[in-house]
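We use all heavy atoms of the structure for the numbers below, so side chains are in, but hydrogens, waters and symmetry mates are not.
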Amino acid sequence: MQPQGVPTTMKAVVIGKDDAIVKDDVPVATYIPEGHMLIKTVAVALNTSEWKHIDYKLAKEGAIMGCDVVGEVILLGSPRLAEFGKKDYTGEEIVPQEFKVGDYVYAFVHGSANRTPENGALAQYVVVDSATTLLAAKDWKSVGKSVDYIPSGPVNSLEAAVSLPVSLTTAGGVLFHDMGNKLLWEPKEPQNNFPLLVWGGATGVGSLAIQLAKKTHAYTKIIAVASKKHEALLKKFGADEVFDYHDKDVVQQIKKKYNNIQHLIDAVSEQYTIRQVYACAADDLPVTIMQLVFLTINDIEPQARRENVKIISTLIYNVTGYEVNIGEYTFPPNPIYRRDVAKFINFIAPKIQQGGIYNMPVKICKNGLDDAPELIDKLRKGEVRGEKLVTILWVT
């Protein structure tokens, strides 16, 4: 049965044969699973995963695309997150976010999903999972279509908020699940007695990883690698030192000054970057390198491999709690990852409302979902650097 006031069809961006296609007759969801909500979309952000799902044939033709969405809650499913538990590792009571009809929320959505091709962020109506949904502050409104650009700063609008979910959820999973850091806000002592390296500090994941590591005092220092033009911004985010990846001797510069880096994040995750990140790792200490795609030790030249260094990966789609199928790859359910990320989302949402996390610069586009194919192509061509592309569907 269709929810009252909700149309039976909508506009959405779907995977075509070789590109993204805007369609006007896509069915609107009629079933809202337990712990989920139906929202009416205000704005969406674009990610590189969109074009990769098309070009690498990772999803079915016709699947709704998109992972970053902000909108108004219009229908609630059953109550949230039975697996949340009553206490966290400190023994403190967990108070989950509560959502109600009329709230504005922003969320990560598994768009282009083979399990749920009928749902994605690039649509007028989207089903969101409360485990990956954050409550917007009551005073956040749409910036409107007269605004072209939102500078980096404390989140204070719905368009700034929608720039976060994919990068925030990924960075949170890396730091507080994979790397084992604790959800402690501004503790006096560092959690680890060594520095963190973030290669690709100006990327979405890199900029959020820097901020989260700084705010939780997870490391003695935060070292970022990015274009020198981003140095001031990255230091505002919390980086202690920024090295320019354009320098031919950048690895030698880092290694000469820091030979004790045990946690490294490759937020670019290309074969050439994983090799550079690998070379920055400590020589004689146990090292963990996080990469964000499917790179492995096989991507490191044999003569450079070391027994003290391990390369691991993360998969944001595991937060769904279900088996994940991407192209030829199948990943089993990971309930521990889902639990840890859900706890992180619950922890960080009020901190963002209070101005504790900054959005990266945001470029505003005005034509809603009709903008999506062109914006996806810009990301495919590498024309977008150091900013997030957001397009507005309707103004609150």
Task: More than 12 heavy atoms of other groups within 6.0 Å of Glu189 CD - done: no
TODO: Start with the C-alpha gap between Lys343 and Asn346, add the side-chain angles, then the distance that decides, and say whether side chain to side chain contact (heavy atoms under 4.5 Å, CB included) holds.
DONE: CA-CA 5 Å; Lys343 289 174 70 173; Asn346 187 69; 5.6 Å; no
- [ ] Might you point out which heavy atoms bring Ala281 and Val287 nearest each other, and give the distance in Å?
- [x] CB-CG1, 3.6 Å
TODO: Determine whether Tyr272 and Tyr278 fall in the same hydrophobic cluster, where Ile, Leu, Val, Met, Phe, Trp and Tyr are linked whenever their side-chain heavy atoms lie under 4.5 Å apart.
DONE: yes
Open item on the list: For Tyr322, is the OH atom crowded, meaning more than 12 foreign heavy atoms sit under 6.0 Å from it?
Closed with: no
Open item on the list: Between Leu175 and Thr216, is there a side-chain heavy-atom distance shorter than 4.5 Å?
Closed with: no
TODO: Determine whether more than 12 heavy atoms belonging to other residues, nucleotides or ligands lie under 6.0 Å from atom CD of Glu374.
DONE: no
Open item on the list: Can you confirm whether Ile274 sits close enough to Ile300 that some side-chain heavy atom of one is under 4.5 Å from a side-chain heavy atom of the other?
Closed with: yes
Open item on the list: Quick check for you: to the nearest 0.5 Å, what is the distance between Lys17 atom NZ and Glu61 atom CD?
Closed with: 7.0 Å
- [ ] Apply the test side chain to side chain contact (heavy atoms under 4.5 Å, CB included) to residues Arg275 and Glu301: give CA-CA distance (whole Å), side-chain angles for both, the deciding distance (0.1 Å), then the verdict.
- [x] CA-CA 8 Å; Arg275 291 180 174 181; Glu301 295 163 315; 3.6 Å; yes
TODO: Over 60° means perpendicular and under 30° means parallel, so classify the ring planes of Tyr219 and His263, tilted if in between.
DONE: perpendicular
- [ ] Locate the shortest heavy-atom distance separating Met65 from Ala20; write the atom from each residue and the value.
- [x] SD-CB, 3.8 Å
- [ ] Check whether any side-chain heavy atom of Val205 sits under 4.5 Å from a side-chain heavy atom of Ser167, and report yes or no.
- [x] yes
Task: Inter-residue atom distance Tyr125.OH - Glu72.CD, 0.5 Å rounding - done: 9.5 Å
Open item on the list: Rounded to the nearest 0.5 Å, what separates atom CE in Met37 from atom CZ in Phe99?
Closed with: 4.5 Å
Task: Least distance between heavy atoms, Gln291 atom then Ile311 atom - done: CG-CG2, 3.7 Å
Task: Residues, nucleotides or ligands: over 12 heavy atoms within 6.0 Å of Gln303 CD - done: yes
TODO: Only one of Leu393, Val14, Leu46 passes side chain to side chain contact (heavy atoms under 4.5 Å, CB included) with Leu122; say which it is.
DONE: Leu46
Task: same_hphob_cluster(Ile210, Tyr245) at 4.5 Å side-chain heavy-atom cutoff - done: no
Open item on the list: Under 4.5 Å between side-chain heavy atoms, counting indirect links through other Ile/Leu/Val/Met/Phe/Trp/Tyr residues: same cluster for Tyr337 and Met290 or not?
Closed with: yes
TODO: Flag yes if Leu164 and Tyr149 sit in one hydrophobic cluster, no otherwise; membership is Ile, Leu, Val, Met, Phe, Trp, Tyr, and two members link when side-chain heavy atoms are under 4.5 Å apart.
DONE: no
Open item on the list: For the residue pair Asp178 / Thr314, report whether a side-chain donor-acceptor contact shorter than 3.5 Å exists.
Closed with: yes
Open item on the list: Testing the basics here: between Ile392 and Glu159, what is the closest heavy-atom pair and its distance to 0.1 Å?
Closed with: CD1-OE2, 3.5 Å
TODO: Answer whether the closest heavy-atom distance between the side chains of Ser112 and Leu58 falls below 4.5 Å.
DONE: no
Open item on the list: With a sphere of 6.0 Å drawn around NZ of Lys145, does it hold more than 12 non-hydrogen atoms of other residues, nucleotides or ligands?
Closed with: yes
Task: Rounded distance (nearest 0.5 Å) linking atom CH2 of Trp199 with atom CD1 of Ile223 - done: 11.5 Å
Task: Pairs satisfying salt bridge (charged side-chain N to carboxylate O under 4.0 Å, His left out), at least one member in residues 243-256, at least two apart - done: Lys255-Asp283
Task: Side-chain donor/acceptor of Thr396 to backbone N/O of Ser142, under 3.5 Å - done: yes
Open item on the list: More than 12 heavy atoms of other residues, nucleotides or ligands under 6.0 Å from NZ of Lys310: yes or no?
Closed with: no
TODO: Check the pair Lys221, Glu241 against salt bridge (Lys or Arg N to Asp or Glu O under 4.0 Å), reporting the backbone distance first and the verdict last.
DONE: CA-CA 8 Å; Lys221 282 193 173 183; Glu241 191 161 3; 5.2 Å; no
Open item on the list: Check the orientation of His110 and Tyr317. Use parallel for under 30°, tilted for 30 to 60°, and perpendicular for over 60°.
Closed with: parallel
- [ ] Work out which heavy atom in Gly200 is nearest to a heavy atom in Ala267; give both atom names and the distance.
- [x] O-CB, 3.7 Å
Open item on the list: Just checking Phe347 against Phe176, ring centres under 6.0 Å apart?
Closed with: no
Task: Nearest-0.5 Å distance that lies between atom CG in Asn334 and atom CD1 in Ile336 - done: 7.0 Å
Open item on the list: Just checking Arg385: does its CZ atom have more than 12 heavy atoms from other residues, nucleotides or ligands closer to it than 6.0 angstrom?
Closed with: no
TODO: Please round to the nearest 0.5 Å and tell me the distance separating atom CZ of Phe237 and atom CG of Leu233.
DONE: 4.0 Å
Open item on the list: Quick check against the 3.5 Å criterion: does His53 have a side-chain atom that pairs as donor or acceptor with the backbone of Ala59?
Closed with: no
- [ ] For Asp19 and Arg380, run side chain to side chain contact (heavy atoms under 4.5 Å, CB included): C-alpha distance rounded to whole Å, both residues' side-chain angles, the deciding distance at 0.1 Å, then the answer.
- [x] CA-CA 11 Å; Asp19 217 334; Arg380 177 188 282 117; 3.8 Å; yes
TODO: May I ask you to check whether over 12 heavy atoms, not counting those of Asn298, lie within 6.0 Å of atom CG?
DONE: yes
TODO: From the options Thr203, Leu168, Thr170, Val198, select the one residue that forms a side chain to side chain contact (heavy atoms under 4.5 Å, CB included) with Leu208.
DONE: Leu168
Open item on the list: With side chain to side chain contact (heavy atoms under 4.5 Å, CB included) as the criterion, how do Arg115 and Glu323 come out once you've worked through the C-alpha distance, each side chain's angles and the decisive distance to 0.1 Å?
Closed with: CA-CA 9 Å; Arg115 187 182 68 86; Glu323 179 180 271; over 6 Å; no
Task: Short side-chain to backbone donor-acceptor contact, Asp299 and Gln271, under 3.5 Å - done: no
- [ ] For residues Phe194 and Ile261, determine if any side-chain heavy atom of one lies less than 4.5 Å from a side-chain heavy atom of the other.
- [x] no
Task: Hydrophobic cluster identity match, Leu234 and Leu264, side-chain contacts under 4.5 Å - done: no
Task: Gly111 versus Cys67, closest heavy-atom pair with distance - done: N-SG, 3.8 Å
Task: Lys/Arg-Asp/Glu bridge criterion (N-O < 4.0 Å) met for Asp103, Lys100 - done: yes
- [ ] Please list, chain by chain and in numerical order, all residues satisfying side chain to side chain contact (heavy atoms under 4.5 Å, CB included) with Ala161, sequence neighbours excluded.
- [x] Tyr106, Trp140, Val155
Open item on the list: Are the side chains of Val384 and Leu389 in contact, using a 4.5 Å heavy-atom criterion?
Closed with: yes
Task: Main-chain N/O of Pro361 paired with Glu387 side-chain donor or acceptor, under 3.5 Å - done: no
